[in-house]
K.L.:
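First the structure, then my questions, so here it is.
Each chain gets a letter, A, B and so on, in the order the sequences are listed, and its residues count up from 1. Note that these values count all heavy atoms, side chains included, but never hydrogens, waters or copies made by symmetry.
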Amino acid sequence: MAFERDLNLEATELRLGLPGTQESRSNKRSLPDMNIVDDQGHRSGSSRVISNASDATKSEEETTPPSKTQVVGWPPIRSYRKNSLQAKKSEAEASGIYVKVSMDGAPYLRKIHLNIYNDYPELLKALEDMFKFKVGEYSESEGYNGSEFVPTYEDKDGDWMLVGDVPWEMFITSCKRLRVMKGSEARGLGCAV
Amino acid sequence: MNYFPDEVIEHVFDFVTSQKDRNAVSLVCKSWYKIERLSRQSVFIGNCYAISPERVIGRFPGLKSLTLKGKPHFADFNLLPYDWGGWVYPWVEALAKSRVGLEELRLKRMVVSDDCLELLSRSFVNFKSLVLVSCEGFTTDGLAAIAANCRYLRELDLQEIEVDDNRGQWISCFPDSCTSLVSLNFSCLKGEINLTALERLVARSPNLKSLRLNRAVPLDTLQKLLMRAPQLVDLGIGSFVYDPSSEAYIKLKATLVKCKSIRSLSGFLEVVPCCLSAIHPVCQNLTSLNLSYAPGIHGNELIKLIRFCRKLERLWILDSIGDRGLGVVAFTCKELQELRVFPSGVDNAAVTEEGLVAISAGCPKLHSLLYFCQQMTNAALITVAKNNSNFTRFRLCILDREKPDPVTMQPLDEGFGAIVQSCKRLRRLSLSGLLTDQVFLYIGMYAEQLEMLSIAFAGNSDKGMLYVLNGCKKLRKLEIRDSPFGNTALLTDVGKYETMRSLWMSSCEVTLGGCQTLAKKMPRLNVEIINEDDQMEFSLDDRQKVGKMYLYRTLVGPRKDAPDFVWTL
């Protein structure tokens, strides 16, 4: 209806600005791409662009990127704290949370990400699926009972241990690689077949 | 008019301990000024460039304890180049020359060299206490000098410092005659430590109350240390990794039960969560718990731990605690006064407005908050303001910059407005999320006690900054980044800056010309332009926008140690 154009709805519109101000910009004030950061954290150019018409349309197109580009000093955490959490993350990755898995008789090895499993049953099920075998029943005194396959791992000290003896969290931080042993060799590790 | 002899007045002044009060006392009359300055023992300098060491020593010859702060706050976030300044050597040198009987030195955001530590250790016979927070520039050699030469050392406290070149032998440098240690914190050191020397040191320190270890101290050493020091009040555990069925662990559990004085716990830099049950008996007496460097403790183990901590007054935690975990905190920790929730960097772990609302409802004594979160709503902030009007420190950081209220898509002006209106004793505020000039109108109107304000990616125009400068009479520190405030805002009330400690503006709209005008009008301010990558040259355009500006009041003019890339206008 032609009337509506003359109603000047804008004047009665409830806004958060002070009366008389124009809210002509889009929600995104600065174009994320303006924050170009080099290795030393020096930024070139201003990171802010006051919106005018052309910028507003530009930012519409680039608006709401799924993840914003990084900006120096954001989030505002002390570098000491950032570095120490970062170090822990890369430590976790470096200490073998991704481990190789070998199966006696299999032509090639596999790699798994230990962190995605929450406990031993999940891990063993994944191994069983991966290599098409079944482990026996685990007991602390006798190891794996009822199968010629025994899951073992190499720990930080280089020793070959039976999977399942230590608490899960301790296992994932000390496990360097996994090996599913088969047959006679497995017997030494407590397989009561 | 003095009706009492000076000694009596001095005795009365002994009871006046806060620096603020002593400053006030010294303004009453010349006689009181003199008595006060000669009896002042503890001096706090919030900006090391506001005054010279010689003048401080001249006024306070009886100085025993000095606290100095160097770089501005945003230096913590890499916004300041490495060698901007804040060297403490000149201060130590001046103090050494003057024969001041320095006993305590507390530094924050300053550059401390090994030479400086060496000089410090040799110059003051009664030196007792060194506290370094967020400092840099020294190695363990400097620590070795302190250990070896400060015969009556009581406190060596290193917080959040990256120290290079770690060799654990510094701990062996404490002489056998050193038995005075009360507090030892080396949790931030990354290298190996001589464990035998550490054990012997603790064994001969009967007054040791606070001990914070680094990750190189294993569980069995921890057990031995606790056996020697069951009187500990504050414990920082380095490594907490062991097999729960092992004898060492069982021994530790038994030892911990005997440590009935522990009120503060931190660390767990390396941890196997299943070992945590040993800690549970300690939890019930804890008033302070810092797990913000322990990403290994999360989920149910964390919540189990929290449930034991009914007396907690201070909690520093990672956001992996989640809203659910915060709900448990709200239910359990009724004495909570300070809460800090830091980002763990894990994508799906985060807290939202729900956690904050729960805390504000459950913890009536909460007054200090630092909260990194995924999102925040106006409704939640309004509820928080209704639940709790005690906040003195309210720092909110929504990780996604300029994020609006996700429910209404509105800016967070109303939410923060409610906070400042309700919390009449608010002294420190940090803003985040999508914000317009309106929030600054509210701040200027209601935040009468505000002393420090941090602004990032906020506001629409100069009006925003002006509301704050005009309204907040007690403002001391204002730091702004990436906000559209320009010369008009900067120059409207230039006298204001002499009532403040400092102003930081980076990536805003102020120009070189504007800064120069300000510098000309206000000779008692240092207006520093921090110029990286040769962005600007001396003869350049006044209209050029300034990348980083830091201005502060000073009694001693432009500093002589400014590097090339810093211009003082």
Side-chain angles (χ1 to χ4, degrees), chain A residues 14-18 21-30 32 34-35 37-38 40-51 64 67-89 91-92 118 140 165-174, chain B residues 74 76-79 81-82 134 160-162 188 190 241-244 269-275 292-293 295-296 318 342-346 372 397 399-402 404 409-411 413-414 430 434 436-438 441 454 456-457 460-461 463 481-484 507-509 532-533 535 545 547:
Chain A
L14 284 176
R15 254 193 260 141
L16 282 171
L18 292 174
T21 58
Q22 285 294 319
E23 229 172 81
S24 58
R25 53 155 187 76
S26 66
N27 276 351
K28 300 291 178 269
R29 238 190 315 275
S30 61
M34 293 296 278
N35 296 308
V37 180
D38 70 29
Q40 283 143 339
H42 295 159
R43 198 171 346 151
S44 49
S46 166
S47 70
R48 289 203 57 88
V49 174
I50 293 291
S51 270
T64 54
S67 60
K68 287 194 178 133
T69 47
Q70 308 244 327
V71 156
V72 175
W74 193 267
I77 316 172
R78 265 190 194 153
S79 26
Y80 172 80
R81 182 177 287 281
K82 223 193 296 196
N83 293 343
S84 82
L85 285 180
Q86 197 67 343
K88 285 200 190 120
K89 263 200 203 156
E91 234 178 63
N118 287 317
E140 213 177 292
D165 283 340
V166 301
W168 175 254
E169 283 91 353
M170 172 160 275
F171 166 71
I172 57 175
T173 54
S174 56
Chain B
F74 275 1
D76 279 349
F77 317 132
N78 293 335
L79 286 178
Y82 170 68
S134 229
E160 309 216 322
I161 302 177
E162 316 247 22
C188 60
K190 295 206 188 72
V241 176
Y242 230 95
D243 182 347
L269 311 172
E270 281 181 2
V271 59
V272 172
C274 57
C275 294
S292 64
Y293 287 101
L318 291 172
F342 293 97
S344 58
V346 177
F372 284 83
C397 180
L399 292 166
D400 200 352
R401 298 188 303 276
E402 301 176 81
M409 297 313 284
Q410 294 300 308
D413 303 332
E414 297 306 309
S430 299
L434 184 66
T436 72
D437 286 344
Q438 184 71 5
L441 175 70
S454 307
F457 304 97
N460 307 113
S461 75
K463 287 212 189 83
R481 65 168 294 182
D482 295 272
S483 301
S507 305
C508 296
E509 300 294 316
E532 295 164 291
D533 291 338
Q535 272 175 359
K545 288 203 195 128

K.L.:
Do Pro75(A) and Phe342(B) have side-chain heavy atoms sitting under 4.5 Å apart?
P.N.:
no
K.L.:
Return the minimal non-hydrogen interatomic distance between Ser79(A) and Glu162(B), and the atom names on each side.
P.N.:
O-OE2, 3.9 Å
K.L.:
For Phe372(B), which atoms come within 4.5 Å of any heavy atom of chain A: side chain, backbone, both, or neither?
P.N.:
side chain
K.L.:
Which answer fits Tyr82(B), side chain, backbone, both or neither, if we ask what part of it has an atom under 4.5 Å from a heavy atom of chain A?
P.N.:
neither
K.L.:
Work out which heavy atom in Asn78(B) is nearest to a heavy atom in Val72(A); give both atom names and the distance.
P.N.:
O-CG1, 3.6 Å
K.L.:
Pro167(A) versus chain B, heavy atoms under 4.5 Å apart: side chain, backbone, both or neither?
P.N.:
side chain
K.L.:
Which pair of heavy atoms, one from Ala456(B) and one from Trp74(A), lies closest together, and at what distance?
P.N.:
CB-CZ3, 3.8 Å
K.L.:
Where does Ser292(B) contact chain A at under 4.5 Å (heavy atoms): side chain, backbone, both or neither?
P.N.:
both
K.L.:
Of the non-hydrogen atoms in Ile77(A) and Pro343(B), which two are nearest, and what is the gap between them?
P.N.:
CD1-CG, 3.3 Å
K.L.:
Hey, does Val71(A) have a side-chain heavy atom less than 4.5 Å from the side chain of Phe457(B)?
P.N.:
yes
K.L.:
Counting only heavy atoms closer than 4.5 Å, note whether Leu318(B) contacts chain A via side chain, backbone, both or neither.
P.N.:
side chain
